Q: 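Structure in structure tokens, see below.
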Amino acid sequence: MSVPRYAYFQGRIVPYSEAKVGVMNHTLNYGTGVFGGIRGYWNPEQEQLYLFRLTDHVERVLRSSRLILAEVGLDVDELRHLTVELAQREGLRQDCYIRPLVYNTDEIIGVRLHDLHPDLAMFVVPFDKYVENDADAHVTVSSWRRLEDNSLPARGKITGAYISSAFIKTDAVRSGFDEALVLTQDGHLSEGSAENVFIVRDDVLITPPVTDNILEGITRRTVMTLAQEELGLRVLERSIDRSEIYICDEIFLTGTAAQVTAVTRVDHRPIGDGAMGPVTSQLRKLYAAIVRGRVPKYRHWNEPVYVSVPTPAV
Ligand code: PMP
């Protein structure tokens, strides 16, 4: 992965090489940060870069910040504009990923959330696929459990929490799988290592409720809307038992990075007939068109980065 040209750091856009923290940094030592992940999609016909659901992502970053008492004094509009400005400066004409990061600048010893000095950093990198095998993924049910909300708030994108996702992902990949599904402490399906999960049973789309320790995914919400409005499917939010994973018709994962990833095998068992199912396939096509700004009905989800500057009046 190439290094960005610029970063937003200490209140301004600077060359990436100047955006550095010291080894005593509080967030580096204790994981006391929160982050976001926003995809930018290049549309070659329109020569435009579209950020997908920017407002929703920005709102979640600010909500996550509040959760760890790390408010940086920016409102939704300010953070939106800053994101677009940085993307403009970076100047990419390809798909990319934007990472806003709220971190504590303090260089001190002492684990706590209070009386710290949070700040925002942000960068943009070119980005393609996250799950390589996203049309035919083979996943396992992880032996790790999903974070319990009463131990570590599951609905915040908290940097330190991702060590759990790292354990889940590495063990899955080292055992030859593409990804893993993770269960809650009481054995219900929660999500993937960095994706929400859906199953299809008899033409009903089912996904775990927000009370099953999931991250409240923006792609999850997008897919629920599309399934109802465009495919006319019934969508249920309810707890999912482990055995339902093995007997359902289709499974897919959703996430900003993973987009809509088809799962065709779980622990060496084929799902449905072992190939991508019709609901997953239709949602993938719809999603791919919408994120690139090709569906007028959903253009409000596409934030254009590049403006055509009008020629000044003489
Ligand atoms: N769960 C976790 C743990 C994640 O990190 C992500 C990625 N942000 C998701 C789910 C999917 O969320 P979203 O669709 O908002 O990217």
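Just so we're clear, the structure is a prediction, and the values are computed from it rather than from any experiment. Both counts, for ligands and for their atoms, begin at 1 and track the order of listing.
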Q: Which one of R220, R60, E216 has a non-hydrogen atom at the shortest distance from atom 15 (O) of ligand 1?
A: R60
Q: If we only count N/O pairs under 3.5 Å, is E191 in contact with ligand 1?
A: yes
Q: Answer yes when D136 and R265 have at least one side-chain N-carboxylate O distance shorter than 4.0 Å, and no when they do not.
A: no
Q: According to the interplanar angle, ranging from 0 to 90°, do the rings of W301 and Y298 count as parallel (below 30°), tilted (30 to 60°) or perpendicular (above 60°)?
A: parallel
Q: Give me the nearest non-hydrogen protein atom to atom 5 (O) of ligand 1 as residue plus atom name, then the distance to 0.1 Å.
A: Y162 OH, 2.4 Å
Q: To the nearest 0.1 Å, how far is atom 6 (C) of ligand 1 from its closest protein heavy atom, and which atom is that?
A: A194 O, 3.2 Å
Q: Enumerate, atom names and distances included, each donor-acceptor pair closer than 3.5 Å involving a side-chain atom of residues 194-212, sequence neighbours excluded.
A:
residue: E195; atom: OE1; partner: S193; partner atom: N; Å: 3.3
residue: N196; atom: OD1; partner: G217; partner atom: N; Å: 3.4
residue: N196; atom: ND2; partner: E191; partner atom: OE1; Å: 3.1
residue: N196; atom: ND2; partner: L215; partner atom: O; Å: 3.0
residue: R201; atom: NH1; partner: E244; partner atom: OE2; Å: 2.7
residue: T207; atom: OG1; partner: V197; partner atom: O; Å: 2.6
residue: D212; atom: OD2; partner: S239; partner atom: OG; Å: 2.7

Q: Would K169 count as a cation-pi partner of Y130, with NZ or CZ less than 6.0 Å from the six-membered ring centre and within 45° of the ring normal?
A: yes
Q: I'd like to check which ligand 1 atoms, numbered from 1 as shown, lie under 4.0 Å from a non-hydrogen atom of I218.
A: 13 (P), 14 (O), 15 (O)
Q: Return the closest protein heavy atom for atom 8 (N) of ligand 1 as residue, atom name and distance.
A: K157 NZ, 2.7 Å
Q: Give a yes or no on whether a salt bridge exists between D95 and R292, defined as a side-chain N under 4.0 angstrom from a carboxylate O.
A: yes
Q: Say whether R221 and ligand 1 are in contact under the criterion: heavy-atom distance to a ligand atom below 4.0 Å.
A: no
Q: If I apply the N/O under 3.5 Å rule, does G255 come out as touching ligand 1?
A: no
Q: Check the pair Y246 / D267 against side-chain hydrogen bond (donor to acceptor under 3.5 Å, both in side chains), numbers first and verdict last.
A: CA-CA 9 Å; Y246 298 121; D267 289 328; 3.3 Å; yes
Q: Quick one: nearest non-hydrogen protein atom to atom 12 (O) of ligand 1, plus distance?
A: G217 CA, 3.5 Å
Q: Measure up the Y97 and F127 rings against each other and bin them: parallel (under 30°), tilted (30 to 60°), perpendicular (over 60°).
A: tilted
Q: Considering only non-hydrogen protein atoms, determine which one is nearest to atom 16 (O) of ligand 1 and report residue, atom name and distance to 0.1 Å.
A: T256 OG1, 2.6 Å
Q: Suppose we measure from atom 14 (O) of ligand 1 to each protein heavy atom; which comes out shortest, and what is that distance?
A: T219 OG1, 2.5 Å
Q: Does a salt bridge link E216 with R60, judged by any charged N lying under 4.0 Å from a carboxylate O?
A: no
